[in-house]
Amino acid sequence: MKILDRYILTSYLKTFISVFVILMLIFVLQTIWLYIKELAGKDLDMVVVAKFLLYFSPKLIPLVLPLTILLASIMVFGSFAENYEFAAMKSTGISLQRAMKGLSIFIVALGITTFFFSNNVIPWAEYNSYNLRKNIAKLKPAMVIAKGQFNEVGNEYNIKVADKSGDRGQYLEEVLIHKKTGGKAGNYTTIYSKTGELIGEEDSDILQLILYDGYFYDDTPPKDHKDRLKKPMTKSAFKKYTINVDLSNLNNVDLEQKDISDKYNMLNIKDLSYTIDTLKIDRDNNIKELAENLYNRTNLPIINKGVVSKTDSIYNGEILELFSHKDKVQLIDLAQNTFKSTLQIIDVKEQGLKTKSIWLNRHVIALHEKLALGFACIILFFVGAPLGALIRKGGIGLPMVIAILLFLTYHFIGIFAKNSAKDGSLNPVFASWFSTIIMLPLGIYLTKRATADRGLFEFDHILEPIKKILKIKDKEDVKNKSKLPDSVREVIEENLDISQEPLAHTEDFGSIRKRHSDYKEYAKFTFIFYIIGAILIPLYFILRNNKLEEVAVVCLQLGIISFFVCFIYFIVSSLKLQSVYKLIALKGVTKNPILLIMGFVFYPLTHFLRRNKINDDLSVSLK
């Protein structure tokens, strides 16, 4: 390793480790804050709390690592540019790519390591943390009756309270209790009271719940079928009602017990692939089963059995006219009932298939997230490093702001895409890679600009092609030309004519180069506007599915405008390309309108095919 590579890698690693540790501590503290309800009041020792944080920490890596790489890259390369270290490198002939070479190898190795980490360590952590949380939730349920939701207390009661008060949360308001009835499905016993109070000792296994001013409802169905048809119900009111809950068996919980191991976040790529295939087969079988059931309900397989058809008779009237009035009523009633029951079956099956599709999409997203994370780390490095070189600012201030804005954009686009993919609105494979794909052209753009030592934003390349289309001349050129004396202008024009007359081949060569340069300019902006439109149109559906209608409409409008501008540039670039082929006397692009339309639809492919063809043809014709 050369001294320069060692210096850049050492500088980057110092910043990387510092930023990673700080961000990890921030996210761990946030985790404690989010799950404080599950940990408080359970008499957990420090070993269990440490295990909880240890199991949860690997799941933070997909958030912390990309942000760390982005922020560290901006800070380090911004510091190099701010202290003129890049200027010193360039003065000795070292380009930005050469300066990033050693660090790029480290980032690629880190991306590969991240893949193995997400495929092995994160599923292990998810498996242990989920089961630990499940076991902790069983400890002392009296201490964690959360307001506004049902809480399982003991093996007999589900309790919901509107509000809690008191120094220990012992005073309850609007208490609603569902009492379980053995192995029967359903909640047949309901207790409601305006207020309540929890009474219990720390060392006692009995929790006493005293209810005030309430009602008791019981509609447990009797065993006798005739009595069950009467739908009996018992209702009573009370001023005070006491419930004793035995907690003796609840706190005998083994925190190391691990029963659940089939969630998609707990599986590696091999297990996910197997589960995805199983879920697809199960879903397809359910669809086939539904189709067969609906077909059999139509009675088409047996409708003609026992019927003797007359081939010599032709009837063109209504089929119902062949039956009596009584039979017509029966047939219509039968058809209506069959139609209604079929609709009910379809609705039920549709909900079941929708649930299975969501579960399948979650597994597909989980699989591709493991693959996309490593690539995201590499791409975000190539976004952050050139961006730092362009803004020429190191330290915490501006780089921190830019890094957070870019990461939030990357993160929220990924969230919106995955939420849309869960219900099938977006392909789950595409959704997992969507935010990474969006960052890829940004990384290429910033790397090119930093390599060429150009500013972060320049609008001349956008305005100049538009000026050429509209034939708008710069005011400075017009002024300079008008200031020339007539005699000087005539001498210049005469000299140009004299110098160009005998050099016909040179004139053709210059025209070819000029037209080829114009074509490349228009083709480049056709490609840019096509990519912008291709990103904004899918983003419209993603935002609309996430109930961001206003932003979605803006994206749709901008996408349509981008494709419109792209179409204009496409036409002009095609004309420019044809003018080049007229000069080199070779067969150029097709003039078939259908093929041209197909070329526009798949323009990224057309762009590269055209570029390679014109380069090959020019190299042959100009030898």
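Each residue takes its place number in the sequence, starting with 1. Predicted model, so just to flag it, every value in this text is computed and none were measured.
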Enquirer: Determine, stepwise, if the pair Ile532 / Val565 fulfils side chain to side chain contact (heavy atoms under 4.5 Å, CB included).
Expert: CA-CA 11 Å; Ile532 293 173; Val565 176; over 6 Å; no
Enquirer: Run through Val21, Val19, Leu23 and flag the one making a side chain to side chain contact (heavy atoms under 4.5 Å, CB included) with Val64.
Expert: Leu23
Enquirer: Determine the minimum heavy-atom distance between Asn119 and Asn268, stating which atoms define it.
Expert: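 Nearest pair, atom of Asn119 first, then Asn268: O-CB, 3.1 Å.
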Enquirer: Using a 6.0 Å cut-off, check whether atom OH of Tyr274 has over 12 heavy atoms from anything other than its own residue.
Expert: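 For Tyr274, atom OH is not crowded (no more than 12 foreign heavy atoms under 6.0 Å).
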Enquirer: What are the two closest non-hydrogen atoms of Ala403 and Leu67, and how far apart are they?
Expert: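 In this case the closest contact between Ala403 and Leu67 is O-CD1, 4.1 Å.
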Enquirer: Check whether any side-chain heavy atom of His411 sits under 4.5 Å from a side-chain heavy atom of Leu63, and report yes or no.
Expert: yes
Enquirer: Mind checking the CD1-CZ spacing from Ile69 to Phe381? Nearest 0.5 Å is all I need.
Expert: 9.0 Å
Enquirer: Taking atom CZ of Phe563 as the centre, report whether more than 12 heavy atoms of other residues, nucleotides or ligands fall under 6.0 Å from it.
Expert: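 Buried by this count: over 12 neighbours within 6.0 Å.
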Enquirer: Does some side-chain heavy atom of Lys370 sit less than 4.5 Å from a side-chain heavy atom of Leu272?
Expert: yes
Enquirer: Search all heavy atoms of Pro538 against all heavy atoms of Gly533 and return the closest pair with its distance.
Expert: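 Nearest heavy atoms, Pro538 then Gly533: CD-O, 4.3 Å.
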Enquirer: Identify the two heavy atoms, one from Pro66 and one from Leu373, that lie closest to each other, and give their separation to 0.1 Å.
Expert: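 Minimum heavy-atom contact is CG-CD1, 4.1 Å.
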Enquirer: Check step by step if side chain to side chain contact (heavy atoms under 4.5 Å, CB included) holds for Ile537 and Leu556.
Expert: CA-CA 6 Å; Ile537 296 299; Leu556 178 63; 3.8 Å; yes
Enquirer: Determine the minimum heavy-atom distance between Gly559 and Leu536, stating which atoms define it.
Expert: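 The pair with the smallest heavy-atom distance is N-CD1, 3.7 Å.
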Enquirer: Between the side chain of Asp333 and the main-chain N/O of Val329, is any donor-acceptor distance below 3.5 Å?
Expert: no
Enquirer: How close do Ser435 and Gly414 get, heavy atom to heavy atom, and via which atoms?
Expert: CB-N, 3.8 Å
Enquirer: Output the distance between atom CZ (Phe407) and atom CG (Leu405), rounded to the nearest 0.5 Å.
Expert: 12.5 Å
Enquirer: How many angstroms lie between CE in Met100 and CG in Leu103, if you round to the nearest 0.5 Å?
Expert: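 If I round to the nearest 0.5 Å, the distance is 7.5 Å.
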Enquirer: Donor-acceptor pair, distance only, cut-off 3.5 Å: does the side chain of Asn361 make one with the backbone of Ala421?
Expert: yes
Enquirer: Please walk me through it: do Tyr55 and Trp124 pass side chain to side chain contact (heavy atoms under 4.5 Å, CB included)?
Expert: CA-CA 8 Å; Tyr55 294 152; Trp124 169 83; 3.8 Å; yes
Enquirer: First locate atom CG of Asp271, then atom CD1 of Ile276, and finally report the distance between them rounded to the nearest 0.5 Å.
Expert: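 The CG atom of Asp271 sits 11.0 Å away from the CD1 atom of Ile276.
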Enquirer: Just so I know, are the side chains of Lys418 and Leu426 near enough to count as touching, which here means a heavy-atom distance under 4.5 Å?
Expert: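 They are not in side-chain contact.
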Enquirer: Do other residues, nucleotides or ligands put more than 12 heavy atoms under 6.0 Å from the OH atom of Tyr217?
Expert: yes
Enquirer: Between Pro428 and His368, is any pair of side-chain heavy atoms under 4.5 Å apart?
Expert: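 The answer is no, as the side chains (C-beta and beyond) never meet within the 4.5 Å cut-off.
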Enquirer: Any heavy-atom pair between the side chains of Ser118 and Ile61 that's under 4.5 Å?
Expert: no
Enquirer: Can you tell me how far apart CG (Asn120) and CD1 (Ile269) are? Round to the nearest 0.5 Å.
Expert: 9.0 Å
Enquirer: Would you indicate whether the side-chain heavy atoms of Thr436 and Tyr410 approach each other to under 4.5 Å?
Expert: yes
Enquirer: I need the Leu70 CG to Cys377 SG distance, nearest 0.5 Å.
Expert: 10.5 Å
Enquirer: Using the rule ring-ring contact (aromatic ring centres under 6.0 Å, His included), only one of Phe600, Phe529, Tyr530 pairs with Phe567; which is it?
Expert: Phe600
Enquirer: Can you find a heavy atom in the side chain of Phe382 that is under 4.5 Å from one in the side chain of Ser73?
Expert: no
Enquirer: Test side chain to side chain contact (heavy atoms under 4.5 Å, CB included) on Ile438 and Ile413 and set out the steps.
Expert: CA-CA 9 Å; Ile438 287 180; Ile413 288 175; 3.8 Å; yes
Enquirer: Hey, can you tell me if Phe16 and Phe20 have their rings parallel, tilted or perpendicular (30° and 60° cut-offs)?
Expert: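 Parallel, since the angle between the ring planes stays under 30°.
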Enquirer: Side chains of Phe434 and Ile437: does their closest heavy-atom pair fall under 4.5 Å?
Expert: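 In short, these two side chains do not touch, never coming nearer than 4.5 Å.
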